[in-house]
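One structure below.
First the proteins, then the strands, lettered A, B, ... as listed; each starts at 1. Given the structure is predicted, the values throughout are model-derived calculations rather than measurements.
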Number of protein chains: 2
Amino acid sequence: MLFRTLADPTRRAIFEQLCREGEQTVGTLTTHAGISQPAVSKHLGVLKQAGLVRDRHEGRQTHYRAQLGALAPLIDWTREMGGFWERRFDQLEDLLKRMDQ
Amino acid sequence: MLFRTLADPTRRAIFEQLCREGEQTVGTLTTHAGISQPAVSKHLGVLKQAGLVRDRHEGRQTHYRAQLGALAPLIDWTREMGGFWERRFDQLEDLLKRMDQ
DNA sequence: TCGATCCATAGCCAACGGGTTATCAATTGC
DNA sequence: GCAATTGATAACCCGTTGGCTATGGATCGA
């Protein structure tokens, strides 16, 4: 889900801006995104579904902010891949040691 | 490019297997992938283009292995996002300090 | 040498995704 | 109360993508 959500450049740009600038309204995000407001809303919906942003309603505007903790699974995944690699390396090392005897 | 490449579950599964099991032939990967061999080849092509795997030809079979270093930009990106967040937090802290005086 | 195996490529198709415009509900200012 | 603003949703269009089958080139075994 995370990878798919962050795969789109426009959507990633929106998320990055929220990380950089903090809370932003849909209108502000739209002016920077270079696409129509409905398109921005759609992207925000996807980001929200992935847990990457949260929204807060204030009158007729909606403020969105990045939810950085949602990136944790991504960090875990990369660590896991690295772990697999290291484990294989250890096995190779063991094998070489046994061959050395 | 990285996010887009890893967005597809099947492709990610292939990459994960290469991380777990080390070098694998196209045939072996195909048996585990549950899709046709051409589909696997296509995925491997995309992974290769993204730098996530390298291939080695040996007779009529092609061995693929994960190139873990290619994940570095991804790790950098998450760190950058975290950095943005912290900077904003620091600014907020400063602001509160000034208001406290 | 000849059939079998392994993999890559080509060509095709259905589904998905990201964009648009149109519209509507809710809120706000006059 | 009414017009204007804000953002979400609906309906639609079209390019991309991930799957398939068919095929061909290269290598290996007999």
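Straight-line distance from the CG atom of B:Leu47 to the P atom of C:dC7: 16 Å, rounded to whole Å. Rounded to an integer number of Å, the gap from CG of B:Asp8 to P of D:dT16 is 17 Å. B:Phe3 places its CZ atom 15 Å from the P atom of C:dG18, with the value rounded to the nearest Å. Protein atom CD of A:Gln61 is 11 Å distant from nucleotide atom P of D:dA8, rounded to whole Å. When rounded to the nearest whole Å, the span between CZ of A:Arg11 and C1' of C:dG17 equals 8 Å. Summarising the geometry, the separation between CZ on B:Arg12 and P on D:dT17 is reported as 17 Å, rounded to the nearest angstrom. One interatomic measurement links the two molecules: NE2 of B:His63 to P of C:dC6, which rounds to 12 Å at whole-angstrom precision. Between B:Arg56 atom CZ and C:dA8 atom P there is a gap of 14 Å when expressed in whole angstrom units.
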Quiz: residues 59-67 of chain A side-chain donor-acceptor pairs under 3.5 angstrom, not counting sequence neighbours:
unit_1  : atom_1 : unit_2  : atom_2 : d
A:Thr62 : OG1    : A:His57 : ND1    : 3.4
A:His63 : NE2    : A:Glu58 : OE1    : 3.3

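Although no hydrogens or angles enter the test, the distance criterion places a donor-acceptor pair under 3.5 Å between the side chain of B:Arg12 and the main chain of B:Leu6.
Of all heavy-atom pairs between B:Thr5 and B:Arg11, the closest is O-NE, 2.6 Å. Closest heavy-atom contact between A:Ala50 and A:Leu2: O-CD2, 4.2 Å. For the pair A:Val40 and A:Ala33, the tightest heavy-atom approach, listed with the atom from each and the gap, is CG2-CB, 4.0 Å. When every heavy atom of A:Ile75 is checked against every heavy atom of A:Thr78, the shortest pair comes out as O-OG1, 2.7 Å. Contact between A:His43 and A:Ile35 at its shortest, heavy atoms only, is CD2-CD1, 3.9 Å. Considering every non-hydrogen atom in both B:Ala7 and A:Ala7, the closest pair reads CB-CB, 3.9 Å.
Between A:Trp77 and A:Phe3, the ring planes are perpendicular. Angles over 60° get that label, and only those under 30° would be called parallel.
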Name the pairs: protein N/O against N/O of nucleotides 20-24 of chain C, kept only if under 3.5 Å.
unit_1 : atom_1 : unit_2  : atom_2 : d
C:dT20 : OP2    : A:Ser36 : N      : 3.0
C:dT20 : OP2    : A:Ser36 : OG     : 2.7

Check nucleotides 27-30 of chain C against the protein and report each pair of N or O atoms closer than 3.5 Å, with its distance, or say if there are none.
unit_1 : atom_1 : unit_2  : atom_2 : d
C:dT27 : O2     : A:Arg60 : NH1    : 3.2

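Between A:Thr62 and D:dA8 there is a side-chain N or O to OP1 or OP2 distance below 4.0 Å. Under 4.0 angstrom from either OP1 or OP2 of D:dT16 there lies no side-chain N or O belonging to B:Arg4. In this structure, B:Tyr64 does not reach the C:dC6 phosphate: none of its side-chain N or O atoms is under 4.0 Å from OP1 or OP2.
Residue B:Gly27 is the one, among A:His43 and B:Gly27, whose nearest nucleotide of DNA chain C lies closer to the 5' end (criterion: closest heavy atom).
Counting any heavy atom pair closer than 4.0 Å across all strands shown, B:Thr10 reaches sugar-phosphate atoms only and no base atom.
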